[in-house]
Protein chains: 2
Amino acid sequence: MHMKTGVEQSVYAILLLNMLPDKAVLPGEAISQQLGVSATYFQKLLRKLVSADLIASVPGIKGGFKLKKRIEEIRIYDVYLAIEGQQTLYSSSGILCDMLELREEDRCCLLSDLMEEAENAWKSVLKKKTVADLAEEMKAERFAGKLESLKAWVQDTMVI
Amino acid sequence: MHMKTGVEQSVYAILLLNMLPDKAVLPGEAISQQLGVSATYFQKLLRKLVSADLIASVPGIKGGFKLKKRIEEIRIYDVYLAIEGQQTLYSSSGILCDMLELREEDRCCLLSDLMEEAENAWKSVLKKKTVADLAEEMKAERFAGKLESLKAWVQDTMVI
DNA sequence: ATAACATGGATATTGTTTATCCGCTTTATA
DNA sequence: TATAAAGCGGATAAACAATATCCATGTTAT
């Protein structure tokens, strides 16, 4: 039971895209190179972010990706949902139904309600924080110098 | 990202063991047969419950498993922990460290704190409920008849 | 027309979970 | 004291999910 690495990668990709000036885009390959992850696979994840309407894609030469929403409007939960999908953390395998010889419709799993509550508690924390909050944290002094290099890289790499 | 099926199986196994009179045990094979799961694999899970001190095992002929703690003292969280282990739901892959060229020791993952908080929120729900609470819910009328059959099966199958 | 990009499907690789097998120890009982 | 039935632990296989690659296609600036 472990969160996919794509969630972390996506959050940082979004932070990169946020450094773009208006109208500019960043090619998928450049992003994955900066993140240090598999380019071909990360393209698949970028697709999921597009489907979730978090980022937009521009095809053709001078194409790439850019934000579709402002980072203030992108919760960590939204990124999680885009990458991991709707699947719940727990789903009953119906053991109790089988043991008690009840029909599935009777919803006889004793754990479902609790697990749902737990998952909601978990999600609600992810809903509290936006990518903008993280961008704010990234302004800390200890990052300052390196952050400038990163912004410079974006300026160099973006296409307009 | 999905919880192992062993957690649900273990909870119901514990509920079965709770139907045993003092001194009696239930062989692992009988338990897995009742649950309708793979016997050889479920033995491994039973071992984890033993290691976690939730149940006790008795070797030799007339051996088997019985509860070590009262179900009032077994939280769903304890079962989860026994089966899934200490591994956290999220762990940083250090992407930001790499991008900003910082050392790992600088703990520069922006998500870690949030994810830890979310996981704690999740766990705290699992800590609120004990297996005894579920045993109580199982007394509902709609289960009544079948529950008696189950208890009868335990009486028939247990060894003393 | 061409080159650089995203798209989507098919497929391979890797890792984790689930499942099996076997040789071992333990213990009640014949 | 031999035996049978149980748990124990290590090695290994099978099934599944996550990660990664490849390729044919569509789009667009030059």
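Values below: all heavy atoms of this structure, side chains included; hydrogens, waters and symmetry mates excluded. In what follows, chains carry the letters A, B, and so on, assigned in the order in which the sequence lines appear, proteins first and then strands, with residues in each chain numbered from 1.
Distances shorter than 4.0 Å separate none of the side-chain N or O atoms of A/Thr5 from OP1 or OP2 on D/dA18. Contact between the side-chain N/O atoms of B/Tyr41 and the OP1/OP2 oxygens of C/dA19 is not found at any separation under 4.0 Å. Remark: B/Lys62 is in phosphate contact with C/dT29, judged by side-chain N or O atoms under 4.0 Å from OP1 or OP2. Between A/Arg47 and the phosphate of C/dG8, there is a side-chain N or O to OP1/OP2 separation shorter than 4.0 Å. B/Gln43 has no side-chain polar atom (N or O) that falls below the 4.0 Å cut-off from OP1 or OP2 of D/dC8. When the side-chain nitrogen and oxygen atoms of B/Ser57 are compared with OP1 and OP2 of D/dA6, none of them lie within a distance under 4.0 Å. The side chain of B/Thr40 places no N or O atom within less than 4.0 Å of a non-bridging phosphate oxygen (OP1 or OP2) of C/dC21.
Here D/dA6 is the nucleotide among D/dA6, C/dT27, C/dA19 with the atom lying nearest to any side-chain atom of B/Pro27. Here the side chain of B/Lys44 is nearest to one of D/dT21, D/dA4, C/dT20, namely C/dT20.
For an aromatic pair to be called close, the ring centres must be under 6.0 Å apart, and A/Trp122 with A/Tyr80 satisfies this.
By the 4.0 Å N-to-carboxylate-O rule, B/Glu137 lies close enough to B/Lys129 to be salt-bridged with it.
Across every non-hydrogen atom of B/Lys4 and B/Glu84, the tightest pair is N-OE2, 2.7 Å.
Counting non-hydrogen atoms under 4.0 angstrom, A/Val58 reaches the backbone sugars and phosphates but no base. Counting non-hydrogen atoms under 4.0 angstrom, A/Gly60 reaches a base of the nucleic acid. Counting non-hydrogen atoms under 4.0 angstrom, B/Met3 reaches nothing in the nucleic acid. Heavy atoms of A/Phe42 sit nowhere under 4.0 angstrom from any nucleic acid atom.
Under the 3.5 Å distance criterion, with hydrogens and angles disregarded, no donor-acceptor pair is assigned to the side chains of B/Thr88 and B/Glu116.
Comparing A/Phe65 and B/Lys4 against DNA chain C, the residue whose closest nucleotide sits nearer the 5' end is A/Phe65.
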